[in-house]
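All remarks here apply to the structure that follows.
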Amino acid sequence: MATSSSLSFFSSTIFFSKTNSSTTFHSSKHLLCKPKQQQQLSIRSDAATIPILSFEGTEVGSTTLNLKSAPLDTARAVVHRGLITDLRNQRRGTASTLTRAEVRGGGVKPYPQKKTGRARRGSNRTPLRPGGGVVFGPKPKDWSVKINKKEKRLAISTAISSAVENAIVVEEFDDKFDKPKTKEFIELMRRWGLDPKEKSLFLMTEVSDNVVLSSRNIGTLKMLTPRTLNLFDILDSEKLVFTKSAVEFLNERYGNDDNDWEEEEDEQDGSSGGNSLLRKCRVRLHDKEVTGLPEMFQVRAAVLICEEFDNQKQSDHSRWPLCPIPKLK
C-alpha cells in the first residue's frame, strides 16, 4: 500500500525535538503551543485627490475623496461577501415544479402488469414519461442572507476606494439640459474623456427629468442616486463619475468625518442595546467608578441610573445630581 505524502497530525514536528526528533518524545507540557496573538485588523483610510471638470471639460479645481477601506488582508473577502449578499437577496425564490404526487392524472394503471411484453408501469405520471413529475425540481425557497450594515458600508467604500483611479468629479450639470437630447449627453461624455461604449456609472444627489431622459438610451450608462447606490454597479463599471455634492455625500457617509458608525446605526435602527444605552448614559455616570467594572455591570449600572433620573422627571441634564453607582449583586 502506497504511503500518503500528506503530513498527518501525529507526524508533525511539533511533537519531536529539533536535535533528536527520531528518538526523543517530549512530555505533554512541552507539546502545548502558545496561541498566536490575534492580529488587530483596523480599518484604514485612503484619501485621494480627484480633479474637478467643468461642463465644457476643462479642469477647474480638485477635491478630496477620503473613504474608509477594509484592511488589505480582508478587503477582497468583505467586498465578495457584500456582492454575494446583494445578488442572493435579489432572488425571488418563486420557482416551483410538480412532483409525481402533485401532477394531475396518473391514477389508473396504464396496462396490465403481465402478458404484454412491456416493462411494468403503474402510472403515466412517472418522471420517465413526458407530462410526468419532476425529480428534485426547484421549490419555493428563501435565498436572502443577512449582512451587518457596517460591513455592507465597508464593502461599498472599499470598492469605491479601489476604483478611484478611474473616477472623475464634475460640476453640477443638472440644469444644463433644457430638453432631453441623447446626442448632447454623448458629446458631454466625450468632453469628459468618457467612451460611450465603455460602462460608466454616474452618481448624483439630484437628477432632473431631462438628464434621465437624455441618458436612458445609453445602454452602457448607469445613473444612480445615493438611494440606489449598490455594490454590483460599482464593480461592473469601468468609469465612475461623481458630482461635487455626491463626493460630499460619500465623505460624510463612508468617510472618516463621522465620529462613529455605531452611533449612527443606533439612531437609525432605534436600537436599545447595552452598548448604545451605555453611550447615551455615559454623561450621567461616574467615569472613575464605572471604568473598573465589567461591561455587563456597566450596562446594568447605566440602566439603573437612567431609571432613577427618569423618575425624577428632570429635563435639564446639567442639573442632574450624580448619584452613586448602585450595589451590584
Side-chain angles (χ1 to χ4, degrees), residues 48-67 79 82-92 94 144 149 152-153 155-255 257 268:
T49 302
I50 307 176
I52 300 177
L53 302 181
S54 64
F55 186 78
E56 291 75 17
T58 59
E59 184 175 346
V60 294
S62 61
T63 184
T64 302
L65 186 64
N66 190 8
L67 304 181
V79 175
L83 179 62
I84 294 301
T85 302
D86 290 345
L87 294 179
R88 289 196 55 165
N89 291 339
Q90 291 178 5
R91 301 189 64 172
R92 300 182 62 182
T94 56
S144 63
K149 290 185 178 180
K152 184 176 181 179
R153 283 190 179 186
I156 293 178
S157 61
T158 302
I160 295 177
S161 299
S162 63
V164 168
E165 298 180 355
N166 298 325
I168 60 173
V169 179
V170 299
E171 290 184 334
E172 304 292 341
F173 61 95
D174 194 53
D175 55 346
K176 299 294 185 179
F177 289 85
D178 298 332
K179 59 180 180 179
K181 197 68 175 178
T182 305
K183 184 177 180 180
E184 294 181 1
F185 198 92
I186 292 178
E187 294 177 356
L188 175 63
M189 294 178 61
R190 289 174 177 169
R191 288 199 300 266
W192 288 339
L194 303 176
D195 188 0
K197 296 182 180 180
E198 294 182 354
K199 294 183 179 180
S200 57
L201 182 147
F202 280 69
L203 180 61
M204 304 175 60
T205 55
E206 295 181 359
V207 185
S208 63
D209 295 338
N210 290 334
V211 173
V212 173
L213 297 176
S214 299
S215 61
R216 67 177 182 178
N217 283 338
I218 305 176
T220 58
L221 185 142
K222 287 283 187 179
M223 188 70 66
L224 302 182
T225 61
R227 185 177 181 84
T228 59
L229 182 63
N230 61 89
L231 189 60
F232 180 83
D233 289 334
I234 295 174
L235 299 176
D236 190 48
S237 302
E238 300 179 17
K239 296 290 184 180
L240 302 181
V241 181
F242 306 132
T243 59
K244 296 174 64 175
S245 58
V247 173
E248 296 177 358
F249 163 77
L250 293 176
N251 288 331
E252 180 181 356
R253 185 172 181 85
Y254 302 103
D257 294 339
Q268 293 179 357

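Small disclaimer: the values here were computed from a predicted structure and weren't measured.
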Hey, are the side chains of [X] and [Y] touching, using non-hydrogen atoms and a 4.5 Å cut-off?
{"X": "Lys244", "Y": "Ile52", "answer": "yes"}
{"X": "Ser200", "Y": "Ser237", "answer": "no"}
{"X": "Leu194", "Y": "Ile168", "answer": "yes"}
{"X": "Leu53", "Y": "Glu171", "answer": "no"}
{"X": "Leu235", "Y": "Val79", "answer": "yes"}
{"X": "Val207", "Y": "Met223", "answer": "yes"}
{"X": "Ile218", "Y": "Met189", "answer": "yes"}
{"X": "Ser245", "Y": "Glu172", "answer": "yes"}

Would the number of heavy atoms belonging to other residues, nucleotides or ligands and lying under 6.0 Å from [atom1] of [X] be above 12?
{"X": "Asp209", "atom1": "CG", "result": "no"}
{"X": "Glu206", "atom1": "CD", "result": "no"}
{"X": "Phe55", "atom1": "CZ", "result": "yes"}

Suppose we screen for side chain to side chain contact (heavy atoms under 4.5 Å, CB included). Which residues come up paired with Pro196, at least two apart in sequence or across chains?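 Expected list: Ile186, Arg190.
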Is the distance between the ring centroids of Phe185 and Phe177 under 6.0 Å?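 Judged by ring-centre distance (under 6.0 Å), Phe185 and Phe177 do meet the cut-off.
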Run Thr243 and Asp174 through side chain to side chain contact (heavy atoms under 4.5 Å, CB included) and show every step you take. CA-CA 10 Å; Thr243 59; Asp174 194 53; over 6 Å; no
Once you measure the plane-to-plane angle for Phe173 and Phe202, does it fall in the parallel (<30°), tilted (30-60°) or perpendicular (>60°) bin?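 Plane angle over 60°, so perpendicular.
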